[in-house]
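Okay, so here's the structure we're looking at.
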Amino acid sequence: MEDEAWRSVDIIRDNDGVPHVLQQKLLVFTSGVSEESAGYTKPAMEHRLVPLKELTKFGQS
């Protein structure tokens with residue numbers, strides 16, 4: 001069985017100085033049904049930028 005997750009790679013500031021987290025998509029194999037073993041992760045070539053304040057409670061009152 002296969003699932004997906006996102007791994008935080010780096011923190012990058014945009015042109016306005018607002019910090020964003022660069023994340024990379026991972027494929028997670030949750031059982032040994034295929035040739036991959038359970039718990040195996042494989043990086044995908046998909047990335048995204050997420051504002052840091054959406055991932056943390058920093059700066060929220």
Side-chain angles (χ1 to χ4, degrees):
M1 179 175 241
E2 187 176 314
D3 203 356
E4 64 182 49
W6 291 91
R7 176 181 66 164
S8 297
V9 178
D10 201 359
I11 296 179
I12 299 172
R13 295 188 180 270
D14 65 5
N15 292 339
D16 298 325
V18 178
H20 286 67
V21 178
L22 174 64
Q23 294 186 328
Q24 181 178 24
K25 188 179 197 176
L26 295 175
L27 301 177
V28 181
F29 296 90
T30 56
S31 65
V33 175
S34 70
E35 69 277 359
E36 307 295 352
S37 61
Y40 175 77
T41 60
K42 181 167 38 172
M45 292 306 298
E46 187 174 338
H47 294 80
R48 68 181 181 183
L49 281 176
V50 181
L52 182 62
K53 66 180 182 179
E54 288 185 16
L55 299 176
T56 64
K57 293 184 178 182
F58 179 75
Q60 296 178 358
S61 52

For Leu49 versus Leu22, what's the shortest heavy-atom pair and its separation? CD2-CA, 3.8 Å
Which heavy atom in Ser8 sits nearest to a heavy atom in Val21, and how many Å separate them? OG-CG1, 3.5 Å
Minimum heavy-atom separation for Leu26 and Pro43, please, with both atom names. CD2-CA, 3.7 Å
Among Asp14, Leu55, Val50, Ile11, whose side chain to side chain contact (heavy atoms under 4.5 Å, CB included) with His20 holds? Asp14
Only residue of Gln23, Gln24, Lys25 satisfying side chain to side chain contact (heavy atoms under 4.5 Å, CB included) with Glu46 is Lys25
